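The shown structure was predicted, so the numbers you read here are calculated from the model rather than taken from an experiment. Along the sequence shown, the residues carry numbers beginning at 1. As a basis for the values below, the full set of heavy atoms in this structure was taken, side chains included, without hydrogen atoms, waters or symmetry mates.
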Amino acid sequence: MDKVVATALEAVADVPDGASLAVGGFGLSGVPNVLIQALHERGVTGVSVVSNNCGAMESGLAVLLAAGRIARVTGSYIGANKEFARQYLAGELEVELIPQGTLAERLRAGGAGIPAFYTPAGVGTQVAEGGLPWRYDGQGGVALASPPKEVREFDGTPYVLERGIRTDFALVRAAKGDRHGNLVFNKSSRNFNPLAAMAGRVTIAEVEELVEPGAIDPDAVHLPGIFVQRVLALTPQQAADKQIEQRTVRS
């Protein structure tokens, strides 16, 4: 099946207001910027985003965040995104912060059809006991806090129950992909992109290099096409547009 779509706007044409989105990327690496920009152009709003972080340097999800299009973020890292922090503390944005490894496994579990799993990460903290501020009231108080989670002992060690994550759509970026949706990711962009792709009921991948079926060695495939419904081939200019968050040079 040829899953290639002609334009980014066509790729996200059926994403409605209020949709849940799993979005790949690790910092500025492997972020589906072109698909995110298409959502912004369409005016999609009120979305719930599941992503390691929520964009930086006015790119990636920061585009939707700055426009007030995101209602809820499930992620691990706020980092240097001052607008993210401002909206969260002002009560404009609901935020569920999750240990990074737990977030990765929740996405993978959702994609693998596993409804929940036990992990030791977070036991003895508000992650398990509840009380993490999901939404502030804008005056320093907590308007909505996380609920407690089930904790169970296995062989004398306590573990907390975490739910798998499934989303309406997933947006990912791959270094290479074929027309059947088989994808290859480059280095740290592989951290969350395959997992986000698995979690989406409809997964849309922008690829820097589009190749014909059979051109990717099966042993080299990082994510099989069964998890991908649409493929967008980037232009050379789009593929080369990559930013550096912290530029370091020798003194």
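If you chain together hydrophobic residues whose side chains sit under 4.5 Å apart, Leu89 and Phe84 fall into the same group. Residues Leu144 and Val95 fall into different hydrophobic clusters, defined by Ile, Leu, Val, Met, Phe, Trp and Tyr side chains chained together at heavy-atom separations under 4.5 Å. Linking Ile, Leu, Val, Met, Phe, Trp and Tyr whenever their side-chain heavy atoms come within less than 4.5 Å leaves Leu103 and Met198 in two separate clusters. When hydrophobic clusters are built by joining Ile, Leu, Val, Met, Phe, Trp and Tyr residues whose side-chain heavy atoms come closer than 4.5 Å, directly or via intermediates, Val184 is not grouped with Ile204.
For Tyr88 and Glu94, the side-chain atoms include no donor-acceptor pair closer than 3.5 Å. Glu162 and Thr102 are not linked by any side-chain donor-acceptor pair at a separation below 3.5 angstrom, with hydrogens and angles left out of the test. In this model, no donor atom of one side chain and acceptor atom of the other lie less than 3.5 Å apart for Asp17 and Thr45. Using modelled atom types and a 3.5 Å distance limit, the side chains of Arg72 and Thr74 yield a donor-acceptor pair.
Salt-bridge check for Glu92 with Arg135: failed, with every basic side-chain N at 4.0 Å or more from each acidic carboxylate O. Electrostatic pairing of Arg42 and Glu10 does not count as a salt bridge here, judged by no charged N lying under 4.0 Å from a carboxylate O. Taking the charged nitrogens against the carboxylate oxygens, Glu208 and Lys176 have no contact shorter than 4.0 Å, which rules out a salt bridge. A salt bridge links Arg230 to Asp14: one of the charged nitrogens lies within less than 4.0 Å of a carboxylate oxygen.
Here the shortest heavy-atom pairing between Leu35 and Val172 reads CD1-O, 4.1 Å. Met1 and His180 get closest at one heavy-atom pair: O-CD2, 3.2 Å. Considering all non-hydrogen atoms of both residues, Val151 and Pro158 come closest at CG1-CB, 4.0 Å. Among all heavy-atom pairs drawn from Asn193 and Gly30, the shortest one is ND2-O, 2.9 Å. Annotation for Asn53 and Ser51: closest pair O-OG, 3.0 Å, computed over non-hydrogen atoms.
Heavy atoms of other residues, nucleotides or ligands lying less than 6.0 angstrom from CZ of Arg86 number more than 12. Applying the 6.0 Å contact sphere to NZ of Lys3 captures more than 12 heavy atoms from other residues, nucleotides or ligands. Atom CD1 of Ile226 sits in a sparse spot, with 12 or fewer heavy atoms from other residues, nucleotides or ligands closer than 6.0 Å.
Counting only distance, with no hydrogens or angles, the side chain of Arg108 and the backbone of Leu195 share no donor-acceptor pair below 3.5 Å. Ser20 places no side-chain N or O within donor-acceptor distance of the main-chain N or O of Ser48, the cut-off being under 3.5 Å.
The CD atom of Glu83 sits 9.5 Å away from the CG atom of Leu93 when rounded to the nearest 0.5 Å.
Using a 30° and 60° split on the angle between ring planes, Phe154 and Tyr159 fall in the perpendicular class, above 60°.
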Item to complete: Assess whether side chain to side chain contact (heavy atoms under 4.5 Å, CB included) is satisfied between Leu21 and Asp168, documenting all intermediate values.
Response: CA-CA 6 Å; Leu21 309 171; Asp168 300 324; 5.9 Å; no
Practice prompt. Go through the steps to decide whether Leu39 and Val15 satisfy the test side chain to side chain contact (heavy atoms under 4.5 Å, CB included), and finish with yes or no.
Written response: CA-CA 8 Å; Leu39 283 180; Val15 178; 3.8 Å; yes
Item to complete: For Ser29 and Ser189, run side chain to side chain donor-acceptor pair (under 3.5 Å): C-alpha distance rounded to whole Å, both residues' side-chain angles, the deciding distance at 0.1 Å, then the answer.
Response: CA-CA 5 Å; Ser29 174; Ser189 66; 4.5 Å; no
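Using a 4.5 Å heavy-atom cutoff, the side chains of Gln229 and Thr203 are in contact. Counting only heavy atoms from C-beta outward, the side chains of Leu232 and Leu234 approach each other to under 4.5 Å.
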